[in-house]
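By convention in this document, chain letters (A, B, ...) are assigned in the order of the sequence lines, proteins followed by strands, and residues within each chain are numbered from 1.
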Protein chains: 4
Amino acid sequence: MSEIETIQAYYAASLGKDGRITRTQRQILAAALDLFSEKGYEEVGTREIAERAGVAEGTLFHNFVNKNGILDAIMQPIVKNILPTMLNTLDQAVLDKDSDTLESFVVALVQDRVDFVARNQASLAVILSQFFNNAADRAAVLGMVSPTILAQANQAMDRLKAAGELVDWPNRMILQLVFSTLGGYVVEKVLYPQVDRLTSQQATRYLSDFLVNGLNPRRIPLHVDETSF
Amino acid sequence: MSEIETIQAYYAASLGKDGRITRTQRQILAAALDLFSEKGYEEVGTREIAERAGVAEGTLFHNFVNKNGILDAIMQPIVKNILPTMLNTLDQAVLDKDSDTLESFVVALVQDRVDFVARNQASLAVILSQFFNNAADRAAVLGMVSPTILAQANQAMDRLKAAGELVDWPNRMILQLVFSTLGGYVVEKVLYPQVDRLTSQQATRYLSDFLVNGLNPRRIPLHVDETSF
Amino acid sequence: MSEIETIQAYYAASLGKDGRITRTQRQILAAALDLFSEKGYEEVGTREIAERAGVAEGTLFHNFVNKNGILDAIMQPIVKNILPTMLNTLDQAVLDKDSDTLESFVVALVQDRVDFVARNQASLAVILSQFFNNAADRAAVLGMVSPTILAQANQAMDRLKAAGELVDWPNRMILQLVFSTLGGYVVEKVLYPQVDRLTSQQATRYLSDFLVNGLNPRRIPLHVDETSF
Amino acid sequence: MSEIETIQAYYAASLGKDGRITRTQRQILAAALDLFSEKGYEEVGTREIAERAGVAEGTLFHNFVNKNGILDAIMQPIVKNILPTMLNTLDQAVLDKDSDTLESFVVALVQDRVDFVARNQASLAVILSQFFNNAADRAAVLGMVSPTILAQANQAMDRLKAAGELVDWPNRMILQLVFSTLGGYVVEKVLYPQVDRLTSQQATRYLSDFLVNGLNPRRIPLHVDETSF
DNA sequence: TATGAATGAGATTTCATTCAT
DNA sequence: GATGAATGAAATCTCATTCAT
């Protein structure tokens, strides 16, 4: 991620002619994903990756410009998909005049995220780790939340507030709470992949219900002293 | 943290005679804290730390057994304080028969955490980073949540449920939601220390209120299919 | 030697495919042997070895796990050969009923050792140095004199004594004298490799004759006060 | 030893005013002797010596110019005494017209050496180790065998040969055998100080008798092919 | 395309020695 | 005289990367 360039350049010139990933590349990525998610990027050597992948060390550099290139090849598909998808959801929730309840909004948000997490635990572990460890990677992840997206999100929240569907708090705080709840689920899933108590469906319900109730407009408004703002 | 031993052993034998930290050690720790929180432990070299601290490289090792010893000297005070304090709060909340509302419970939980985070952003950045990057450090942090503590927490939640103060969800899920909400606040504070929109008091109110509403018992119980458990 | 493990592990995974030593490894070992025997193991740096071998410093560690691994690669062939061979000789001298004179016994002992020393002066210099400098290496060398071997040696000496061929002294003392005589020759050869006054054949004769006469049974027994034992 | 300069310079200006060794110096030397003989000079750090001596690290350098100065302070008394004494013995044996038998010569040689070894095991262990590990120290030890001494020794051997008391072998070989026998005893004593089977008196007898018999003139002269000399 | 031996910059750590107190 | 914190050169070793085969 760090020093993002033309994205596919990280797969060297060697993507199968049809642009598809080769068998060797798949082996390397699988080995690297295993190791990175287990020990952290910095702790894994290229020798180790090559060994686990069953290829020579040089082969890594034939297929990916860099050790970092391998990391990017792991992170990109996620970062290029999860956020766009997520944002797309918001987009719909904004445009879709029918989804004008907090619940429909929240469920749309939570729904697919939970499934996604279940399917991509290992990659998410790597991304999570990098997010907290590398300023550049963090910027790359956050950079995908474009201003337009933020504007859309704010628009959606404002509309829900106007409709009396959402508590009247600062949008930034609401966003933080939503992301915390989702993020906490990701962390739990990613750090303890084996402990699988809940189905995706159940998790979705708990998270959604928690958010809906937590963000309902208050009958008796909370007194927050705003004078000090 | 990794390989925790006699705690103070990480400060070499050279703590000031009165057991206090020396000026040199403070310089080193300050420099290291800056750099670690900025670039991540692995990215910082001992040469760099020494330079920023204004001491010779050897001085690092005269004062701390290891590069890792410096990291531990940064993390330990936090890990040895935040969790014990937090757990102490739970303890009281459990014993204090007066605090039998969800609100009193949640407020007790959120209250001091928020202040603490404000005062220790840099150290928390380092701990956060290590938590997601190093299995051993993660274990060290989590290891401090002893079974007794968990038992206490479960006891408190059960009591609140019995009193009709807490939604009837699995304790583990409730805990996850509480920690998510708190953790999200930590992350926000730690990653964007400069953006200070809310006072500690305001933050405490938002978080508490969100949790209280989110975890209130439902009038109409949520239907979660438990048959598949 | 120190911390003996799987023997060939000290050559990294990189022995030529046919299990033979590579050219690079030979260069490194030659350079190291030169330097170690000249200045002693501790006094020689890896940089120095690499320079003399005409390779990069990293290449040392690509081919041998350790600096110590290089030392072991030098010592092992000797230690794994000289003692086994020597002991094998004893074995035969014990079993061979014809060699029932002190002379045949001694000659069998001295014979090949002298040639061996002439051919391996440099390596022996290193081993000698390590033997007196490193308790672990000393143990490794001595450890190869297994109890069975000792038993055999004692058996041989007892038989010779019974046959009136060997002076009736404690076996331990006899062994010490034999090893002293051989060892002294080694030391002389190893410390002054250039001064070559005697052929191997001549040296063998002197040493053998000295031992035979020195260890002949006495006509008039030596009075040693054994009461104080 | 290495780089021998004014001998007493190694005890810094700080010998007690009366030229005697101070208490602190004795502590340091005792600690260093222990450690050097146990682990070898190179393996012992100044920090370690200071700790065991119960003084500060700086104190070492107040009392001895160098780490090497400590080593020399340990070796010198021995090297300055054992060899001179030994040589003195030779001197007497040469001049003393009464000692004209091989036995009296050999006994004079062996006699005190054995006692000396018993009393100075630790120091000898250090000297032995240095002798084989450090060319400079080896030179220092050997350098004390001055040409005059050698001349004297040769003279003594020649006289004994003429008197029909000593086998007619090259003097150099005879010397080697004598030193081997003595050296072997030293090594045995020094490497296994605890195993004390023989009294000094007994050892003296065995060694002397072995040498006398080994070096007796042969009735039937040994045939050594001298043509190749 | 794949290999893997070779590279060398850089990292951490040790350690004898200095010097202000 | 003794101290011990500070020093910084040097040592060993790692590791991503290159390149001839």
Side-chain angles (χ1 to χ4, degrees), chain A residues 12-14 22-25 42-51 54-70, chain B residues 12-14 16-17 22-25 28 42-50 54-70, chain C residues 12-14 16-17 22-25 28 42-50 54-70, chain D residues 12-14 16 22-25 42 44-51 54-70:
Chain A
S14 53
T22 66
R23 182 170 139 70
T24 304
Q25 286 167 339
E42 298 281 359
E43 290 303 310
V44 177
T46 50
R47 158 123 48 160
E48 206 176 355
I49 298 173
E51 254 164 31
V55 300
E57 219 175 338
T59 305
L60 301 188
F61 296 87
H62 242 278
N63 285 277
F64 303 89
V65 274
N66 257 342
K67 183 190 171 191
N68 208 358
I70 300 175
Chain B
S14 53
K17 331 227 142 147
T22 65
R23 183 172 137 68
T24 305
Q25 285 168 339
I28 293 170
E42 300 281 0
E43 289 304 311
V44 177
T46 51
R47 161 127 33 163
E48 206 175 356
I49 299 173
V55 300
E57 216 173 340
T59 304
L60 301 189
F61 297 89
H62 189 69
N63 284 277
F64 301 90
V65 273
N66 258 346
K67 184 190 170 190
N68 207 359
I70 301 175
Chain C
S14 53
K17 332 228 142 150
T22 65
R23 184 173 136 68
T24 305
Q25 284 168 340
I28 292 170
E42 300 281 0
E43 289 304 311
V44 177
T46 50
R47 160 125 38 161
E48 206 175 356
I49 300 173
V55 300
E57 214 172 342
T59 305
L60 301 189
F61 299 91
H62 188 69
N63 283 278
F64 301 89
V65 272
N66 257 348
K67 183 189 170 190
N68 207 358
I70 301 176
Chain D
S14 53
T22 66
R23 183 172 137 68
T24 303
Q25 285 167 340
E42 298 282 0
V44 177
T46 50
R47 157 120 49 160
E48 205 176 355
I49 299 173
E51 254 164 31
V55 301
E57 218 174 340
T59 306
L60 301 188
F61 297 88
H62 241 280
N63 285 276
F64 303 88
V65 274
N66 258 342
K67 183 191 172 190
N68 208 0
I70 301 175

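With rounding to whole Å, D:Glu42 atom CD is found 12 Å from E:dC15 atom C1'. C:Asn63 has its CG atom 10 Å from the P atom of E:dT7, to the nearest Å. Between A:Gln25 atom CD and E:dT1 atom P there is a gap of 10 Å when expressed in whole angstrom units. Here E:dG10 presents its P atom at 13 Å from CZ of C:Arg47, a figure rounded to the nearest Å. As a whole-Å value, the separation of A:His62 NE2 from E:dT3 P is 10 Å. Taking atom CD of D:Glu57 as the reference point, atom P of F:dT7 lies 15 Å away to the nearest angstrom. If you measure from atom CD of B:Glu48 to atom P of E:dG10, you get 13 Å, rounded to the nearest angstrom. Whole-Å rounding puts the B:Ile49 CD1 to F:dA6 P distance at 16 Å.
The minimum heavy-atom distance linking D:Phe61 with D:Lys67 is given by the pair CE2-N, 4.1 Å.
Comparing A:Thr59 and C:Leu60 against DNA chain E, the residue whose closest nucleotide sits nearer the 5' end is A:Thr59. Comparing C:Lys67 and B:Gly54, the nucleotide of DNA chain F nearest to each residue sits closer to the 5' end for B:Gly54.
Base pairing of F:dC19: its partner is E:dG4, meeting the Watson-Crick or G-U wobble criterion (both donor-acceptor distances under 3.5 Å).
You'll find the side chain of B:Asn63 reaches within 4.5 Å of the side chain of B:Thr22, heavy atoms only.
Within 4.0 Å (heavy atoms only), C:Gly45 reaches sugar-phosphate atoms of the nucleic acid but no base atom.
In the set E:dA2, F:dC13, E:dT12, the nucleotide with an atom closest to the side chain of C:Asn66 is F:dC13. Side-chain proximity of B:Phe61 to E:dA16, F:dG4, E:dT13: nearest is E:dT13.
Paired with C:Glu57 under the rule side-chain contact (heavy atoms from CB on, under 4.5 Å), one option of C:Glu48, C:His62, C:Arg47 passes, and it is C:Arg47.
The side chain of C:Thr46 contributes no N or O atom lying less than 4.0 Å from OP1 or OP2 of F:dC13.
The line from CD1 of B:Ile28 to CG of B:Leu60 is 5.0 Å long, rounded to the nearest 0.5 Å. Interatomic distance, OG1 of D:Thr59 versus CZ of D:Phe64, reported as 11.0 Å (0.5 Å rounding).
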